[in-house]
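Below, all heavy atoms of this structure are taken into account, side chains as well, without hydrogens, waters or symmetry copies.
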Amino acid sequence: MADYANPDVLVSTEWVAAHGGDAGIRLLEVDVDTSAYAEGHIAGAVGLNWETQLCDQVRRDILTKDQFEALCNDSGIATDTTVIFYGDNNNWFATYALWQFRYYGHDESLLKVMNGGRQKWIDEGRALVTDVPDHSSTGYQAKFPDDNVRATAGNVRDTLGQGTVNLVDVRSPAEFIGEVIAPPGMSETAQRGGHIPGAANIPWATAVAEDGTFKSHDELQAIYGGEGVDDSKETIAYCRIGERSSHTWFVLKYLLGYEKVRNYDGSWTEWGNLVGAPIARD
């Protein structure tokens, strides 16, 4: 991990086994499969349900500042807590949760991902427990939202055709060309299939090795650079609902060290439904 631009943003399963229970550390598990945590998790880990705890239940939006503070209080997270994120599907929603922590100003140096996620922990035969921890509230107070890590449809529209921003569509090739609108079994969809004009299709999973860990710095640089992602420009990543693109946001921002990367969390379920928004299918 030493060659990454910010190697300290990753911790190994060995590190978590040794230090996951230390004072000032909080483990957060966020899975695509929302039943996985109850079946077994790392001792002391707090489980978050992405369908109910990482989004507003009325508006179509991420958590409000008040809701984020309540989440941290309920999880026993203070502003000086080191938060270790992990989950299934190579940390899809783990990086989505980390992105919201970054958006609300939790100290970047205290946000880390367990490389390889839940599956690597299980593959190594490490222990899982079913006990649910109970943590005291901390009085957490979030900072003002940082729009330097979040893009809107308006931000994307303003850059179309100008060549000033790298647009990276991290969905599958079939979603990119409009052959399908959502992966099998996923309920969130759009009225039209295709992609935002000018976007490069670099599926999120190309950043992950067979064991679920992130590929090396040189491999990642070859993947994104080879597809024309210019690190001197701003990059906006998007997918369907913003979780896969948060994974790519994490790779570009922290592992490759790109200066400005934003996650367009409205993604295709917004753009594909947006009246008058141009699309492409080639």
Going only through I, L, V, M, F, W and Y residues with side-chain contacts under 4.5 Å, is there a path from Leu71 to Phe93?
-> yes
Taking side chain to side chain donor-acceptor pair (under 3.5 Å) as the test, write out the residues that go with Tyr224, two or more places apart.
-> none
ring-ring contact (aromatic ring centres under 6.0 Å, His included) with Tyr264: which residues, sequence neighbours excluded?
-> none
Given Phe85, Tyr238, Phe214, the one that forms ring pair (Phe, Tyr, Trp, His ring centres under 6.0 Å) with His247 | Phe214
What do the steps show when you test Tyr254 against Glu108 for side chain to side chain donor-acceptor pair (under 3.5 Å), and what is the final call?
-> CA-CA 10 Å; Tyr254 292 110; Glu108 275 184 296; 2.7 Å; yes
When clusters are formed from ILVMFWY side-chain contacts under 4.5 Å, directly or step by step, what else is grouped with Val132?
-> Tyr37
Check: Asp231 and Leu256 side chains under 4.5 Å, non-hydrogen atoms | no
Side chain to side chain contact (heavy atoms under 4.5 Å, CB included) partners for Asp146, two or more places apart = Arg102, Asn148
Which residues satisfy the side chain to side chain contact (heavy atoms under 4.5 Å, CB included) test with Glu210, sequence neighbours excluded?
-> none
Exactly one of Phe101, Trp99, Phe144, Tyr103 clears ring pair (Phe, Tyr, Trp, His ring centres under 6.0 Å) with Phe68, and that residue is Phe101
Rounded to the nearest 0.5 Å, how far apart are OG1 of Thr79 and CD1 of Ile77?
-> 11.0 Å
Please answer: with hydrophobic residues joined when any side-chain heavy atoms are less than 4.5 Å apart, are Ile236 and Leu255 in the same cluster?
-> no
Please identify each residue that fulfils salt bridge (charged side-chain N to carboxylate O under 4.0 Å, His left out) with Asp107, with sequence neighbours left out.
-> none
Return yes when atom CD of Glu124 has more than 12 non-hydrogen atoms of other residues, nucleotides or ligands closer than 6.0 Å, and no otherwise.
-> yes
Does a donor on one side chain and an acceptor on the other come within less than 3.5 Å for Ser216 and Asp218?
-> no
Those residues that, when tested against Asp123, pass side chain to side chain contact (heavy atoms under 4.5 Å, CB included) (two or more places apart) | Gln119
Heavy-atom closest pair (Lys112 atom, Val11 atom, distance to 0.1 Å) is CD-CG1, 3.8 Å
With sequence neighbours excluded, what pairs up with Trp92 under the ring-ring contact (aromatic ring centres under 6.0 Å, His included) test?
-> Trp204
With Tyr140, which residues qualify under side chain to side chain donor-acceptor pair (under 3.5 Å), at least two apart?
-> His106
Minimum heavy-atom distance Gly193-Arg281, with the two atoms named = O-NE, 2.8 Å
Students should find that the hydrophobic cluster of Phe176, defined by side-chain heavy atoms under 4.5 Å apart, otherwise consists of Ile177
Salt bridge (charged side-chain N to carboxylate O under 4.0 Å, His left out) against Arg192, all qualifying residues, sequence neighbours excluded = none
Applying ring-ring contact (aromatic ring centres under 6.0 Å, His included), name anything that partners His19, two or more places apart in sequence or on another chain.
-> Trp15
Using only heavy-atom distances, determine whether the side chains of Thr64 and Arg59 contain a donor-acceptor pair under 3.5 Å.
-> no
Between Pro133 and Gly44 the two heavy atoms that sit nearest each other are CG-O, 3.6 Å
